[in-house]
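Just so it is clear: chains get the letters A, B, ... in the order the sequence lines come, proteins before strands, and each one is counted from 1.
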There are 2 protein chains.
Amino acid sequence: MKIIGSKWKIPILWYLMLKDGQHYNELKRTIGGITNTMLTKSLRELEADGLVSRHDYATVPPSVSYHLTDMGKKFIGTMGELFDWGREHMTFEKEQN
Amino acid sequence: MKIIGSKWKIPILWYLMLKDGQHYNELKRTIGGITNTMLTKSLRELEADGLVSRHDYATVPPSVSYHLTDMGKKFIGTMGELFDWGREHMTFEKEQN
DNA sequence: CGGTATCCTTCTTGATACTG
DNA sequence: CAGTATCAAGAAGGATACCG
């Protein structure tokens, strides 16, 4: 619930699955619409739960890449069945602006 | 996301899977800890999304039973794989009171 | 029995600015 | 580049009381 109930964790895992080892700002761009606050917070929590690993190259300027752990890969793979269900059944509701 | 991100919808579907056709207060008791507000709200939304159907017997006193639709059954079945993942990987964190 | 109505708290997310 | 700090806004959930 902690993972699936939050707004950005699934997108983060999804885009790391599509391209593993993305850097902080790269990930931010590929996800789109996420703020620094949420990206950092979500990554830290995913790391604490062992779904994502953080590789800090300790250079100047900083360079940090994020990777799915085996557990993270298993998790996002498991979501696949649910995505299929969603794709079959979801209806697109009118968005109000 | 609308379904899995809310606190009570999965428990509701789960307990309806264990025993279909439960009545409002029966469901409230089997779930435990849910308020009228949330139970009603969640049921209405699940109904609107076609996962649950509501059968009103139109008697006095009122009698209403809730059932999983085929779509609801498929959904909660699909969650099974994810539950397995959770069971394998989740750790129980200390609760602070 | 099966809900509504109202108010309140808390938790999550976002906006903006700044830094080593 | 990869973040932090601070503050504000919004959404979600809960408490309590009441109703046909």
Between [atom2] on [N] and [atom1] on [X], what's the gap in Å once rounded to a whole number?
X: Lys7(A); N: dT13(C); atom1: NZ; atom2: C1'; value: 7 Å
X: Met1(A); N: dT12(C); atom1: CE; atom2: C1'; value: 14 Å
X: Ile12(A); N: dG3(D); atom1: CD1; atom2: P; value: 12 Å
X: Glu45(B); N: dA12(D); atom1: CD; atom2: C1'; value: 10 Å
X: Tyr66(B); N: dC1(C); atom1: OH; atom2: P; value: 14 Å
X: Lys28(A); N: dA2(D); atom1: NZ; atom2: C1'; value: 10 Å
X: Asp56(A); N: dA2(D); atom1: CG; atom2: C1'; value: 9 Å
X: Glu26(B); N: dG2(C); atom1: CD; atom2: C1'; value: 13 Å

Could you tell me how the ring of His55(A) sits relative to the ring of His67(A): parallel (under 30°), tilted (30 to 60°) or perpendicular (over 60°)?
->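 Rings of His55(A) and His67(A): tilted, 30 to 60°.
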Option from Leu46(B), Ile12(B), Leu51(B), Val52(B) for which side-chain contact (heavy atoms from CB on, under 4.5 Å) with Leu68(B) holds |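 Looking at Leu46(B), Ile12(B), Leu51(B), Val52(B), the match for Leu68(B) under the side-chain contact (heavy atoms from CB on, under 4.5 Å) is Val52(B).
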Scan Ile31(B), Leu13(B), Leu39(B) and name whichever one has a side-chain contact (heavy atoms from CB on, under 4.5 Å) with Trp8(B).
->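 Answer to the side-chain contact (heavy atoms from CB on, under 4.5 Å) test with Trp8(B) among Ile31(B), Leu13(B), Leu39(B): Ile31(B).
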Would you find a donor on one side and an acceptor on the other, under 3.5 Å apart, between the side chain of Glu26(B) and the backbone of His23(B)?
->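 Yes; at least one donor-acceptor contact below 3.5 Å.
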Hey, is the main chain of Thr59(A) close enough, under 3.5 Å, to the side chain of Ser63(A) for a donor-acceptor pair?
->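 No, because the side chain of Ser63(A) does not come within donor-acceptor range (under 3.5 Å) of the backbone of Thr59(A).
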Work out which heavy atom in Trp14(A) is nearest to a heavy atom in Ile76(A); give both atom names and the distance.
->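 So the minimum-distance heavy-atom pair works out to N-CD1, 4.0 Å.
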Nucleic acid contacts of residues 31-44 of chain B, taken as heavy-atom distances under 4.0 Å to DNA chain C |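 Heavy-atom contacts with DNA chain C come from Asn36(B), Thr37(B), Thr40(B), Arg44(B).
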Mind checking Ser6(A) for me? I need base, sugar-phosphate or nothing, with any heavy atom below 4.0 Å counting as a touch.
->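 Counting heavy atoms under 4.0 Å across all strands, the contact made by Ser6(A) is with sugar-phosphate only.
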Counting any heavy atom closer than 4.0 Å, what does Tyr57(B) reach on the DNA or RNA strands: base, sugar-phosphate only, or nothing?
->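 No contact at all - Tyr57(B) keeps every heavy atom at 4.0 Å or more from the nucleic acid.
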Phosphate contact (dT12(C) OP1 or OP2) by Trp8(A) side-chain N/O below 4.0 Å |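 No, outside the criterion.
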